[in-house]
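What you see is a predicted model; the values in this text were computed from it and never measured.
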Amino acid sequence: MNSTGTGNGNGNGNDESTAPLAGRQVLSTGAGFAASVVLTALAQFFTFPVLISSLGADQWGGLTVGTTLGVLTASLASWGWATTGGARTAALSPDARAVWVRAAITVSWLLAPVACAVVMAVTSVVPTADQTATRLAAFVSVVQIGMTPAWFYVGTKAPGRLFILTTVPTMTGILSGALLAHLTGDAKTHAGANLVATLTAMALVQNDVLRSTRSRSHTLTRAELRWAMTAQAPGLTAGLLAAFNSCLPILVVARWFPTGLPTFALGERLYRMALSLSLPVAQSLHGHVPSASGALTLRRMATALVPLTMVATAIGAGFATALPAASRIYTRGDIIMEWPTAVCFGIALSCLVVTSSLGVAGLDASGHSVGLVRASVCGLVVCLVTCAAAAVWAPSAGGVAGAVCAAEACVLAVQIRELSRVQKLIPTGDATSPRPS
C-alpha cells in the first residue's frame with residue numbers, strides 16, 4: 001500500500017477532476033452536519049443562563065478561561081489534524097485515509113499528556129475563581145478537539161456518524177453538567193460531567209474509525225507515521241498560531257483586567273457559539289472543495305467565496321445586533337455588553353466564518369499551506385500588538401475585543417491575497433497541481 005497516495009477522495013474515475021462543485025450535494029451534507037451543530041448550540045444556549053446564575057460570573061468566567069486554554073493546548077495534541085484533517089481526508093485514497101487516521105490517533109495519545117501538563121502550568125499563574133474547575137474545563141477541550149478524530153466524518157461526508165457518536169454524548173454532558181451545577185453551585189461538577197461525556201465520545205469515535213479502516217491497513221509503520229506527521233506540519237503550525245491568536249485575548253483579560261473577565265467571557269462564549277452555528281458551512285466545504293487537482297480545488301474555493309462572504313456578513317451583522325440584548329437576558333442585567341464591543345465581536349465573527357473555510361479547504365487542501373501559515377502569523381502579530389495597545393490605552397474588555405477584530409480581519413485579508421496569488425500561478429485546466437501527500 002502506498003501511504004502517500006492521494007487518490008480520489010470525492011468521486012470515482014476521472015469525473016472528479018473535471019466536475020464542478022456540486023451545490024446540491026454541498027447543501028445536503030451541510031444540512032446533515034447542521035443537525036449536530038444546531039442541537040449542540042441550542043443546548044449551550046439554554047444552559048448558559050443556568051450556569052451563570054448558579055455558579056456566578058466569576059466561576060463561569062473561570063470555566064471560559066479553561067475552555068479557551070484547552071483549545072490552545074488541544075492544537076498541540078491534535079498535531080494540526082483538528083484544523084486540516086477533514087479537508088485533507090476528503091482528497092486522500094481509502095488506503096491513505098487508513099494510515100492518516102491511525103497516525104492521528106497515535107500522535108494524539110502521545111501528545112495529550114504534554115498538553116495537560118501545559119494546562120497545569122498555565123493555570124498556576126492565571127488566577128481564576130476555581131482553579132480545579134478551570135483545569136477540568138481545559139481537559140474537556142483537549143479530549144474533544146485533540147483526541148477525538150471527528151474530523152474524519154467531515155472528510156468522508158458522514159454527518160450521521162458524527163451526530164450519533166459525538167453530538168449525543170456531548171449534549172448529554174452539557175445538559176447533565178448544567179443540572180449538576182444548578183444543584184450544587186460548584187463549577188467542578190459541571191466540568192466533570194462534560195469531561196466524562198467527551199471521554200465517552202472519544203472512545204466511541206476512535207473505535208469506529210479504526211474499525212471502519214481496518215480492512216485497509218492493520219498496522220502503522222514508522223515510515224507511515226513520519227509521512228503523516230510531516231504532511232501535517234503546516235496544519236500544526238497554522239492550528240497553533242490560530243489557537244494562540246484566539247486564546248491570547250481572554251488570557252490577557254484574566255491576567256491583567258480580571259474585573260472585565262465576566263464581560264469579555266460572555267462575549268467570547270456567545271461569539272464561539274455563533275461561530276459553531278456556521279460550522280455546517282465549513283464542514284460541507286471541507287468535504288467537497290478538496291480535489292486530487294490543486295487547480296480545481298482553488299477554482300472551487302474561489303467560486304464558493306462570494307456566497308460564503310455574504311453568509312458570513314449576515315451572521316456577523318446579526319450577532320452584533322443581538323449581542324447587547326442577549327447579554328442582558330443571559331445575565332438578568334448583571335452584565336451589559338456595550339455596542340462598540342458587540343460590533344468588534346461581530347466583525348471578527350464574519351471574518352472567522354470565511355477564513356475557517358478559505359484557509360483549510362482552499363489554500364491548505366490545494367497544497368499551498370504556506371499561505372495558510374503566513375496568514376496565521378500575520379494575525380498573531382496583529383493580535384499581540386493590539387492587545388499590548390489595549391493594555392496601555394484601552395484597558396478594558398472592549399479594548400481587547402477590538403484586538404480580536406483587528407487580528408481576524410488581518411487573517412482574512414492575507415488569505416484572500418494568498419488565494420489570488422496562487423490562482424495566478426496555476427495554469428487554467430491544470431489537473432496536476434501540487435497536492436498534500
Side-chain angles (χ1 to χ4, degrees), residues 44 51 55 58-83 104-151 169-170 173-174 177 180-181 186-203 205-206 235-258 261-262 264-265 268-269 272 380 383-384 387 400:
Q44 293 176 335
L51 293 176
L55 302 178
D58 290 337
Q59 280 198 87
W60 185 77
L63 288 175
T64 303
V65 171
T67 300
T68 306
L69 177 60
V71 170
L72 174 59
T73 53
S75 299
L76 172 62
S78 73
W79 197 258
W81 264 282
T83 304
I105 292 174
T106 301
V107 170
S108 70
W109 278 101
L110 293 174
L111 294 180
V114 179
C116 292
V118 173
V119 168
M120 298 293 289
V122 174
T123 52
S124 65
V125 297
V126 176
T128 57
D130 189 332
Q131 195 174 60
T132 301
T134 300
R135 289 171 174 171
L136 288 174
F139 297 154
V140 169
S141 294
V142 171
V143 174
Q144 189 175 55
I145 300 173
M147 302 186 69
T148 306
W151 46 263
T170 298
I174 292 172
L180 289 172
D186 189 344
K188 289 187 286 292
T189 60
H190 173 265
N194 277 273
L195 182 58
V196 171
T198 53
L199 286 169
T200 301
M202 178 201 72
V205 172
Q206 287 193 1
L236 170 66
T237 304
L240 283 173
L241 289 170
F244 193 79
N245 186 19
S246 65
C247 295
L248 177 64
I250 195 169
L251 295 178
V252 168
V253 174
R255 183 65 180 87
W256 284 283
F257 319 129
L261 179 59
F264 188 85
E268 202 269 346
R269 288 305 295 271
R272 295 295 168 187
L380 178 58
C383 186
L384 288 170
C387 278
V400 179

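When atom types are taken as modelled, the side chain of Glu268 and the backbone of Pro249 share no donor-acceptor pair closer than 3.5 angstrom.
With sequence neighbours excluded, the residues forming a side chain to side chain contact (heavy atoms under 4.5 Å, CB included) with Val205 are Thr148, Pro149, Tyr153, Leu165, Thr166, Val209, listed by chain and number. For Ala138, the side chain to side chain contact (heavy atoms under 4.5 Å, CB included) partners two or more places apart in sequence, or in a different chain, are Val119. For Thr134, the side chain to side chain donor-acceptor pair (under 3.5 Å) partners two or more places apart in sequence, or in a different chain, are Thr128. Legend: residues meeting side chain to side chain donor-acceptor pair (under 3.5 Å) with Thr189, ordered by chain and number and at least two apart, are Thr184. In terms of the side chain to side chain contact (heavy atoms under 4.5 Å, CB included) criterion, residue partners of Thr198 (sequence neighbours excluded) are, by chain and number, Val140, Val143, Gln144, Leu195. By the side chain to side chain contact (heavy atoms under 4.5 Å, CB included) test, Ala197 is found to be paired with no residue, residues two or more places apart in sequence or in another chain being considered.
The nearest pair of heavy atoms linking Gly146 to Ser108 is O-CB, 3.3 Å. In terms of heavy atoms, Ala181 sits closest to Leu51 at CB-CD2, 3.7 Å. The minimum heavy-atom distance between Leu63 and His190, with the atom names listed, is CD1-ND1, 3.8 Å. In terms of heavy atoms, Met147 sits closest to Met202 at O-CG, 3.5 Å. Taking every heavy atom of both residues into account, Gly177 and Asn194 meet most closely at CA-ND2, 4.4 Å.
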Without placing hydrogens or testing angles, list every side-chain donor-acceptor pair under 3.5 Å for residues 70-77, not counting sequence neighbours.
residue : atom : partner : partner atom : Å
Thr73   : OG1  : Leu69   : O            : 3.3
Thr73   : OG1  : Gly70   : O            : 3.2
Ser75   : OG   : Val71   : O            : 3.2

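Taking 4.5 Å as the limit, some side-chain heavy atom of Gln206 sits within range of a side-chain heavy atom of Ile105.
Atom CH2 of Trp79 and atom CG of Leu110 lie 10.5 Å apart (nearest 0.5 Å). Interatomic distance, Cys387 SG to Leu380 CG, rounded to the nearest 0.5 Å: 9.5 Å.
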